[in-house]
Asker: 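Structure provided below as structure tokens; questions to follow.
All residue numbers refer to positions in the sequence shown, counting from 1. Here the structure is a predicted model, which is why all the values come from computation and not from measurement.
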Amino acid sequence: MDLQEAWKKLETDKLTKPVMGAVHIQKKSKHPVQKLKTAYLQTTGFSVLFLICFIALFFYFHEPLVKIGLVLVIISYIFFFVTNFSMYRKINVVLPIDKSLKQVLVHTHQFITDNIRFQKRVALFIYPIAGTAGFMMGGSIGGGNVEKMMQDPIVLVTAVIVMAILTPLCYYMANWMYKISYGKCLIELQERIDQLEDPN
């Protein structure tokens, strides 16, 4: 089976006719590359939504410690927004139909996998910060003096224990969400690559 026949077998994909040795994947295509690009756009949208929420919370709370925590969370979401939008723009939906097709698909699979791994590692440092900010917001809503509250050894120990529990839980939850958003598409993309490697 040559590459032209491989493309013909992808009946569910919506591709433009080959032009200058390449095909353009349409936005409504079921091709895994387009689905991955769409997933990054959706993740970018969620980043913006949460960013707006945390900015609103920043103006709602007045305690300096809470504001500092929220600023760090806002910076984190700006980072994720920039990262996800950058990935959305980098994913190329114009694919060659010559022998370089496999190379392009392998590269796409690899740099998306690397990006997801990178985001997971960065998030491990953000979870404790976000958790601490949430802990202080809870104290503020409860009517306590946050600065005085955080000077209490019992409160500090409680906060550390809560963060120690929440951080791995958040990590595994995020890992599950990554699998839902990107995992299936990456598996499908790997199957396309395998088809090109083993035409039989």
Asker: Taking all atoms of both residues into account, what is the closest heavy-atom pair of Cys185 and Pro32, and its distance?
Answerer: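 For Cys185 and Pro32, the tightest heavy-atom pair comes out as O-CB, 3.4 Å.
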
Asker: On a heavy-atom basis, which atom in Asn115 and which in Tyr40 lie closest, and how many Å separate them?
Answerer: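 Shortest heavy-atom separation between Asn115 and Tyr40 comes out as OD1-OH, 2.8 Å.
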
Asker: Hey, are Gln34 and Thr38 close enough side-chain-wise for a donor-acceptor pair under 3.5 Å?
Answerer: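 Yes, a side-chain donor-acceptor pair sits under 3.5 Å.
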
Asker: Compare every heavy atom of Asn84 with every heavy atom of Tyr182, then report the nearest pair and how far apart it is.
Answerer: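 Shortest heavy-atom separation between Tyr182 and Asn84 comes out as OH-OD1, 4.3 Å.
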
Asker: Only distances under 3.5 Å count here; give the side-chain donor-acceptor pairs of residues 64-76 to other protein atoms, sequence neighbours excluded, each with its distance to 0.1 Å.
Answerer:
{"residue": "Lys67", "atom": "NZ", "partner": "Phe58", "partner atom": "O", "Å": "2.6"}
{"residue": "Lys67", "atom": "NZ", "partner": "Phe61", "partner atom": "O", "Å": "3.2"}
{"residue": "Ser76", "atom": "OG", "partner": "Leu72", "partner atom": "O", "Å": "2.9"}

Asker: Within a reach of under 6.0 Å around CZ of Phe111, are more than 12 heavy atoms found that belong to other residues, nucleotides or ligands?
Answerer: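 Correct, the count exceeds 12.
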
Asker: Please check: side-chain N/O of Lys37 versus main-chain N/O of Ile91, any donor-acceptor pairing under 3.5 Å?
Answerer: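 Checked: pair present.
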
Asker: Any chance you could lay out the side chain to side chain contact (heavy atoms under 4.5 Å, CB included) test for Thr132 and Met136, step after step, and finish with the verdict?
Answerer: CA-CA 6 Å; Thr132 302; Met136 291 189 295; 4.2 Å; yes

Asker: Name the atoms and distances for all side-chain donor-acceptor pairs under 3.5 Å in residues 167-180, with sequence neighbours left out.
Answerer:
{"residue": "Thr167", "atom": "OG1", "partner": "Met163", "partner atom": "O", "Å": "2.8"}
{"residue": "Asn175", "atom": "OD1", "partner": "Lys120", "partner atom": "NZ", "Å": "2.3"}
{"residue": "Tyr178", "atom": "OH", "partner": "Gln119", "partner atom": "OE1", "Å": "3.1"}

Asker: How many angstroms lie between CD1 in Ile112 and NZ in Lys90, if you round to the nearest 0.5 Å?
Answerer: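 It comes to 11.5 Å.
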
Asker: To check you understand the geometry: which heavy-atom pair defines the closest contact between Ala39 and Ser181, and what is its length?
Answerer: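 Result for this residue pair: CB-O, 3.6 Å.
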
Asker: Grab the two heavy atoms, one from Tyr77 and one from Ser47, that are nearest each other, plus how far apart they are.
Answerer: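 Shortest heavy-atom separation between Tyr77 and Ser47 comes out as CD2-O, 4.0 Å.
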
